[in-house]
Amino acid sequence: MYEYKPEILEPIFEKWRKILRLTESWDVRLELIDDPGFKKTGDLKIDTTDRKAIIMLNAKNPRQENPEEVICHELMHLKLYPLDQLTEDLILAHYEEGTPEYRAVYRQFMEHLEITVEEMAKCWLGAFGEDKELSFGRCREMKSFDELYEGLRPL
């Protein structure tokens, strides 16, 4: 089982804060989460009023083996947060929360946001990362194409 260790994460975290120009604009802290109920590899809490953020990383059971990729990804969410909030506000202004239309548009927005953040993180990692190897940990947990469509395709 792979574990994240603070002595490895802190220098990576500081490096990416500098690369993404977040050292002066945000107060950001890195926290390792030991809670078995924390299922994500990484997550982010943001206080825009005080310009503070906490990046939470799953210390004991991360789904990704490359912590540099995860840290870059979470900090990219912070960089895109103003656009994220603008889009959420626009969705709320046009769709009633809880309706099927709201859920459909919000789900698409969140999927596209995650895809965009991940693609940007891959590009930055490729350009400036020490460990350019992408993690495939999430893929290992997924069903294969054949498992998903077993019995649905003609032989």
Side-chain angles (χ1 to χ4, degrees), residues 1-35 38-95 97 101-145 148:
M1 178 192 307
Y2 190 81
E3 291 185 15
Y4 288 165
K5 298 188 182 337
E7 60 272 10
I8 292 172
L9 296 177
E10 281 299 328
I12 295 169
F13 174 66
E14 290 305 323
K15 169 190 167 179
W16 283 99
R17 283 184 60 215
K18 288 177 185 149
I19 289 172
L20 295 174
R21 302 182 63 206
L22 291 167
T23 53
E24 301 299 321
S25 56
W26 284 89
D27 295 311
V28 187
R29 187 167 65 193
L30 182 66
E31 287 186 3
L32 294 177
I33 308 297
D34 269 340
D35 180 1
F38 186 69
K39 300 295 182 194
K40 295 180 171 187
T41 295
D43 205 356
L44 185 63
K45 289 183 181 179
I46 300 172
D47 178 354
T48 56
T49 307
D50 210 11
R51 295 192 64 84
K52 291 181 181 173
I54 299 172
I55 292 181
M56 301 169 296
L57 296 182
N58 190 328
K60 297 294 182 189
N61 193 24
R63 295 163 68 194
Q64 304 285 48
E65 297 93 7
N66 183 346
E68 189 170 15
E69 181 182 2
V70 176
I71 289 170
C72 180
H73 176 100
E74 295 304 329
L75 288 172
M76 201 62 70
H77 271 295
L78 186 57
K79 288 294 281 187
L80 291 175
Y81 195 69
L83 184 58
D84 173 338
Q85 290 306 285
L86 172 66
T87 306
E88 283 194 42
D89 288 346
L90 288 170
I91 291 170
L92 281 170
H94 289 89
Y95 299 95
E97 197 168 356
E101 297 84 4
Y102 169 86
R103 285 191 300 272
V105 170
Y106 192 78
R107 181 187 53 76
Q108 287 181 46
F109 161 63
M110 291 306 288
E111 285 176 4
H112 288 292
L113 173 64
E114 199 59 31
I115 289 167
T116 301
V117 166
E118 186 58 25
E119 284 301 310
M120 290 178 65
K122 287 177 186 177
C123 292
W124 282 80
L125 189 68
F128 303 106
E130 293 293 318
D131 184 355
K132 297 176 189 306
E133 188 71 31
L134 299 177
S135 293
F136 288 87
R138 287 176 41 189
C139 289
R140 286 190 201 98
E141 298 171 7
M142 297 175 172
K143 289 185 175 187
S144 71
F145 184 81
L148 286 172

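One-based numbering along the sequence shown.
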At what distance, to the nearest 0.5 angstrom, does CZ of R107 lie from CD1 of I91? 11.5 Å

Measuring from I33:CD1 to I54:CD1, what's the distance to the nearest 0.5 Å? 8.5 Å

Do P62 and L57 have side chains that get closer than 4.5 Å, going by heavy atoms? no

Tell me, please, which residues at least two apart from K79 pass salt bridge (Lys or Arg N to Asp or Glu O under 4.0 Å). none

Quiz: residues 42-49 side-chain donor-acceptor pairs under 3.5 angstrom, not counting sequence neighbours:
| unit_1 | atom_1 | unit_2 | atom_2 | d |
| --- | --- | --- | --- | --- |
| D43 | OD2 | K40 | NZ | 3.3 |
| D47 | OD1 | T49 | N | 3.1 |
| D47 | OD1 | D50 | N | 3.3 |

Side-chain (H94) to main-chain (L90) donor-acceptor, under 3.5 angstrom: yes

Just jot down the side chain to side chain contact (heavy atoms under 4.5 Å, CB included) partners of D34, sequence neighbours excluded, or say none. A59, K60

CG (L125) and CG (L134) are apart, to the nearest 0.5 Å, by 6.5 Å

Residues passing the side-chain hydrogen bond (donor to acceptor under 3.5 Å, both in side chains) test with E68, sequence neighbours excluded, are K15, W16

Any luck finding a side-chain donor-acceptor pair between H77 and E114 under 3.5 Å? yes

So CD1 of I71 and CE of M76: to nearest 0.5 Å the spacing works out to 13.0 Å

The criterion is ring pair (Phe, Tyr, Trp, His ring centres under 6.0 Å); which residues satisfy it with F128, sequence neighbours excluded? W124

Pairs involving residues 80-92, ordered by first then second residue, that meet salt bridge (Lys or Arg N to Asp or Glu O under 4.0 Å) (sequence neighbours left out): none

CD-OG1 distance between E74 and T41, expressed to the nearest 0.5 angstrom: 9.0 Å

Please name all residues satisfying salt bridge (Lys or Arg N to Asp or Glu O under 4.0 Å) with R29, sequence neighbours left out, ordered by chain then number. E31

Can you give me the closest heavy-atom contact between E65 and P67, atom names plus distance? O-CD, 3.1 Å

Taking all heavy atoms of I55 and all of F13, pick out the closest pair and write down the distance. CD1-CE1, 3.9 Å

With sequence neighbours excluded, what pairs up with Y81 under the side-chain hydrogen bond (donor to acceptor under 3.5 Å, both in side chains) test? Q85

Using residues 21-28 as the side-chain source, report each donor-acceptor pair under 3.5 Å to any protein atom, sequence neighbours left out, with the distance given to one decimal.
| unit_1 | atom_1 | unit_2 | atom_2 | d |
| --- | --- | --- | --- | --- |
| S25 | OG | R21 | O | 3.3 |

Decide side chain to side chain contact (heavy atoms under 4.5 Å, CB included) for E101 and V105; before the verdict, give the C-alpha distance in whole Å, the side-chain angles of both, and the deciding distance to 0.1 Å. CA-CA 6 Å; E101 297 84 4; V105 170; 5.6 Å; no

Using 0.5 Å steps for rounding, measure from the CD atom of E3 to the CG atom of L32. 10.5 Å

Those residues that, when tested against E97, pass salt bridge (Lys or Arg N to Asp or Glu O under 4.0 Å) (two or more places apart): none

Could you list the residues that satisfy ring pair (Phe, Tyr, Trp, His ring centres under 6.0 Å) with Y102, not counting sequence neighbours? Y106

Using salt bridge (Lys or Arg N to Asp or Glu O under 4.0 Å) as the criterion, list what pairs up with E14, not counting sequence neighbours. R17

